[in-house]
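As the structure is a prediction and not an experimental result, all values here were calculated from the model. Heavy-atom basis, side chains included; hydrogens, waters and symmetry copies ignored.
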Amino acid sequence: GIPMPDGALNMMTSVDSVEEPTFFRVKPQLQRDGVMAYEESDSVVPEEKFEEEPSATALEPQSTWVILPASKKRLWWDGFGVILIAYDLVLIPLQLAFEMPLSTFLHVMFVTALAFWSLDMILSFCSGYISQGRVIVNMKLIALRYLKSWFLFDLCIVTTDWLTWLTSGDRGAGLMRLRRG
């Protein structure tokens with residue numbers, strides 16, 4: 001199980017003695033198999049001084065290509081992906097229900113999403129992940145996990161989008177071309 005700090009059980013069972021949460025500075029320690037384990041240090045860091053992520057030099061991943069799962073760049077990338085999914089959730093039903101005119105905006109959004117999801121597949125082979133409280137940065141383990149989980153689904157969707165874009169005469173928004181064809 002997950003190790004608990006001294007007194008944690010008392011804090012969880014006693015509703016009357018609720019205190020402000022404190023954050024502990026964690027020190028990453030890279031192990032030989034490309035797994036980082038985090039250990040709490042003795043020093044308590046106030047919330048406003050809490051570091052969101054350790055520096056890259058402190059983590060020393062096995063490869064310079066590994067993207068840490070909680071890095072700011074990865075979070076921004078995933079946030080943009082959520083925006084594209086929300087856009088598709090609105091636009092695809094509208095395209096299927098109504099005869100929407102082909103516009104430059106729709107074309108740009110289709111190509112942007114196509115490029116994003118294609119790059120996301122590549123980045124998924126380089127993105128570390130957390131397993132049992134440890135950050136996995138071993139490229140082989142990362143690749144195996146992705147291949148066993150989302151890879152086939154991603155490949156089907158991205159391949160369909162690429163084929164749609166390549167077979168449309170003027171490289172317009174593919175879903176609209178499929179509906180008309």
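Annotation: salt bridge (Lys or Arg N to Asp or Glu O under 4.0 Å) contacts involving residues 122-133, sequence neighbours excluded, are absent. The list of salt bridge (Lys or Arg N to Asp or Glu O under 4.0 Å) pairs with a residue in residues 136-146, not counting sequence neighbours, is empty. Evaluation of the side-chain hydrogen bond (donor to acceptor under 3.5 Å, both in side chains) test over residues 146-157, restricted to residues two or more places apart or in two chains, returns Y146-D154.
Of all heavy-atom pairs between V137 and L68, the closest is CG1-CD2, 3.9 Å.
In terms of the side-chain contact (heavy atoms from CB on, under 4.5 Å) criterion, residue partners of I157 (sequence neighbours excluded) are, by chain and number, F153, D161. With sequence neighbours excluded, the residues that form a ring pair (Phe, Tyr, Trp, His ring centres under 6.0 Å) with W162 are W165. Contacts of L75 classified as side-chain contact (heavy atoms from CB on, under 4.5 Å), with partners at least two apart in sequence or in another chain: none.
A single hydrophobic cluster is seen to contain both L155 and V158, as judged by linkage of ILVMFWY side chains at heavy-atom distances under 4.5 Å, directly or through other members. Linking ILVMFWY residues whenever their side-chain heavy atoms come closer than 4.5 Å, directly or via other members, leaves F110 and V82 in distinct clusters. Taken together through direct or relayed side-chain contacts under 4.5 Å among Ile, Leu, Val, Met, Phe, Trp and Tyr, L119 and L114 form part of one hydrophobic cluster. W76 is not connected to W65 by any chain of hydrophobic side-chain contacts under 4.5 Å among Ile, Leu, Val, Met, Phe, Trp and Tyr, and they are in different clusters. Criterion: ILVMFWY side-chain heavy atoms under 4.5 Å apart, direct or through other members. Under it, L163 and L152 are not part of a common hydrophobic cluster.
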Result block: side-chain N/O donor-acceptor pairs under 3.5 angstrom for residues 120-129, not counting sequence neighbours:
| residue | atom | partner | partner atom | Å |
| --- | --- | --- | --- | --- |
| D120 | OD1 | W77 | NE1 | 2.8 |
| S124 | OG | D120 | O | 2.8 |
| S127 | OG | R74 | NH1 | 2.9 |
| S127 | OG | L123 | O | 2.8 |

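Distance alone, capped at 3.5 Å, is enough to place a donor-acceptor pair between the S103 side chain and the L106 backbone.
With contacts defined as side-chain heavy-atom distances shorter than 4.5 Å, the pair M109/L91 does not qualify. Residues I67 and K73 have side chains not in contact (no heavy-atom distance under 4.5 Å, counting atoms from C-beta outward).
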Inset, instruction - Using the side-chain contact (heavy atoms from CB on, under 4.5 Å) rule, take W117 and I85 through it: C-alpha gap first, then chi angles, then the decisive distance, then the call. - result: CA-CA 10 Å; W117 295 118; I85 290 171; 3.8 Å; yes
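Here the OG1 atom belonging to T112 is positioned 12.5 Å from the CD1 atom belonging to I83, to the nearest 0.5 angstrom. Taken from CD1 in I136 to CZ in R134, the straight-line distance is 5.5 Å, to the nearest 0.5 Å.
Considering V135, I142, N138 in turn, I142 is the only one that fulfils the side-chain contact (heavy atoms from CB on, under 4.5 Å) rule with V66.
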